[in-house]
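Start at 1 and go down the list; that is how both ligands and their atoms are numbered.
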Amino acid sequence: MSDMHIASSALRKATKVVFFTGAGISAESGIPTFRDQLTGLWEKYDPQRLETAAAFRENPALVWGWYLWRRQQVSQAKPNAAHFAAPRLASTGRQVAVVTQNIDDLHERAGSEDVVHLHGSLAQPKCFACHRSAELTPEQTTVSDEVALVEPPRCKRCNGRLRPGVVWFKEDLPVGAWKAAMNVIKDCEVLISVGTSGVVMPAADIPEIALAFGATVIHVNLMDVSLGGTNELMLIGKAAEVLSTLLSTISTP
Ligand code: NAD
């Protein structure tokens, strides 16, 4: 039997399912992953070097400009069939939770509720100094394709610089996010891990944790990312196509 057949059979029987997602699920919505070469203004930058507290300290305008550009890119993107797979599965009466490493809001815009964002959100800036969250005015979220440097706005409370509310390398996850993820993962029968390279810790441990709790893990990726466990299935292909196929197999009698 193919992994698709086994995955379909596991999903048919499951009543509690978790989607665990990474940048690859948003790739078909036009949001580049860290593995994609950037074009235009940001071509010469390595995102991983812009996404640290040290980079922000050294050049806040460059890092703020980068995140404003990403925020704009996300606001122009639309969720794809892979994001819609979670609410589609929930509509069959199953309990479906979403735990994501993504900082975009495409799961929410596809209709998923209570999404656990392990790495924070582009939409919720906070103060670099006092950590209070802040709102931006529409003018403050607009960025031009020609301008990389944008001075971050100041915190209304302490006048510190605002920074994006995302988790940078070596920073802790948002309070409660890991616990919320574990709460749904310990109970699920199937975890569908979509578009993640499995290198960013501690999120990368999630498929293994789900396996340890007895779940079947279905990986969906362009390449084989399975860990070789007995309850693991590997569906290779684009997330939107693979998940649409998988869901169509469980909705037929
Ligand atoms: P990653 O960039 O390390 O890996 C992306 C994975 O997705 C790869 O394994 C790749 O093979 C796979 N992939 C690419 N296109 C795919 C497709 N169409 N269908 C299925 N799989 C596909 O991403 P990561 O594992 O999420 O970890 C890196 C960090 O990047 C995370 O912390 C995340 O917050 C951040 N990030 C987020 C976004 C976003 O919010 N959309 C975008 C870029 C990076």
Side-chain angles (χ1 to χ4, degrees), residues 3-4 7 19-39 42 45-53 55 63 66-86 98-110 112 115-124 164-174 177-178 181 191-208 217-227 232-247:
D3 277 14
M4 179 60 90
F19 281 81
F20 167 57
T21 66
I25 197 170
S26 297
E28 287 162 86
S29 293
I31 301 173
T33 73
F34 280 165
R35 322 281 136 188
D36 296 320
Q37 175 63 45
L38 294 168
T39 54
W42 296 100
Y45 294 100
D46 174 358
Q48 297 184 65
R49 288 181 176 270
L50 292 171
E51 306 197 347
T52 67
V63 174
W66 161 246
Y67 278 97
L68 270 192
W69 178 79
R70 292 191 65 186
R71 192 175 162 137
Q72 183 158 286
Q73 198 182 35
V74 166
S75 73
Q76 290 163 356
K78 290 193 177 74
N80 66 60
H83 299 103
F84 285 111
V98 179
V99 175
T100 188
Q101 298 167 83
N102 293 345
I103 56 175
D104 65 44
D105 61 353
L106 295 180
H107 280 298
E108 286 88 343
R109 283 201 267 143
S112 288
V115 176
V116 178
H117 281 272
L118 291 175
H119 296 161
S121 160
L122 274 172
Q124 193 56 78
V166 302
V167 177
W168 282 331
F169 185 55
K170 291 191 184 161
E171 290 183 335
D172 292 335
L173 303 191
W178 187 257
L191 179 125
I192 309 179
S193 176
V194 189
T196 175
S197 56
V199 291
V200 180
M201 295 303 269
D205 279 340
I206 283 186
E208 241 176 311
V217 171
I218 304 171
H219 298 276
V220 179
N221 202 300
L222 297 178
M223 56 187 80
D224 188 344
V225 292
S226 63
L227 310 159
E232 274 186 291
L233 302 160
M234 185 66 237
L235 305 181
I236 295 183
K238 290 185 175 177
E241 283 168 27
V242 171
L243 288 173
S244 299
T245 307
L246 180 62
L247 261 68

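Residue contacts with ligand 1 leave out Ala203, since none of its heavy atoms falls under 4.0 Å from the ligand. Residue-ligand proximity: Val225 is placed with every non-hydrogen atom at 4.0 Å or more from ligand 1.
In terms of protein heavy-atom proximity, atom 33 (C) of ligand 1 is nearest to Gln101 O, 3.3 Å. Given atom 9 (O) of ligand 1, the protein heavy atom at minimum distance is Asn221 ND2, 3.0 Å. In terms of protein heavy atoms, atom 20 (C) of ligand 1 is closest to Ala239 N, 3.5 Å. For atom 29 (C) of ligand 1, the nearest protein heavy atom (residue, atom name, distance) is Phe34 CE1, 3.7 Å. When hydrogens are left out, the protein atom nearest atom 32 (O) of ligand 1 is His119 ND1, 2.7 Å; that is the closest non-hydrogen contact. Val200 CG2, 3.6 Å is the protein heavy atom nearest to atom 28 (C) of ligand 1. Summary of contacts: the protein heavy atom closest to atom 41 (N) of ligand 1 is Asp104 OD2, 2.8 Å. Regarding atom 17 (C) of ligand 1, its nearest protein heavy-atom neighbour is Gly24 O, 3.5 Å.
Atom-to-atom distance recorded for Phe20:CZ and Ile25:CD1 is 11.5 Å, nearest 0.5 angstrom. Separating the CG atom in Leu246 from the CG atom in Leu233 is a distance of 9.5 Å, to the nearest 0.5 Å. Residue Leu173 holds its CG atom at 5.5 Å from NE2 of His119, rounded to the nearest 0.5 Å.
Atoms of ligand 1 found under 4.0 Å from any heavy atom of Pro32, numbered from 1 in the order shown, are 42 (C), 43 (C). Against a heavy-atom cut-off of under 4.0 Å, Glu28 is close to the following atoms of ligand 1: 17 (C), 18 (N), 19 (N). Heavy-atom contacts of Ile31 reach the following atoms of ligand 1: 41 (N) (cutoff under 4.0 Å). Those atoms of ligand 1 with a heavy atom of Lys238 less than 4.0 angstrom away are 19 (N).
Taking only nitrogen or oxygen atoms, main chain and side chain alike, Ala23 reaches within less than 3.5 Å of ligand 1. Remark: ligand 1 and Gly22 share no N or O pair separated by less than 3.5 Å (distance only, no angle test). In terms of N/O distances under 3.5 Å, ligand 1 is not approached by Ala27.
Using bins of under 30°, 30° to 60° and over 60° for the plane-to-plane angle, the ring pair Trp66/Trp42 lands in the perpendicular bin.
For the residue pair His219 / Thr196, no side-chain donor-acceptor distance below 3.5 Å is found, with atom types taken as modelled.
Taking all heavy atoms of Gly237, Gly195, Ala82 into account, the minimum distance to atom 7 (O) of ligand 1 is reached by Gly195.
Remark: of the listed residues Gln76, Gln73, His83, Arg109, His83 is the sole one forming a side-chain contact (heavy atoms from CB on, under 4.5 Å) with Ser29.
The part of Arg70 lying near ligand 1 is the side chain, judged by heavy-atom distances below 4.0 Å. Within the 4.0 Å heavy-atom criterion, the part of Ser26 lying near ligand 1 is the side chain and not the backbone.
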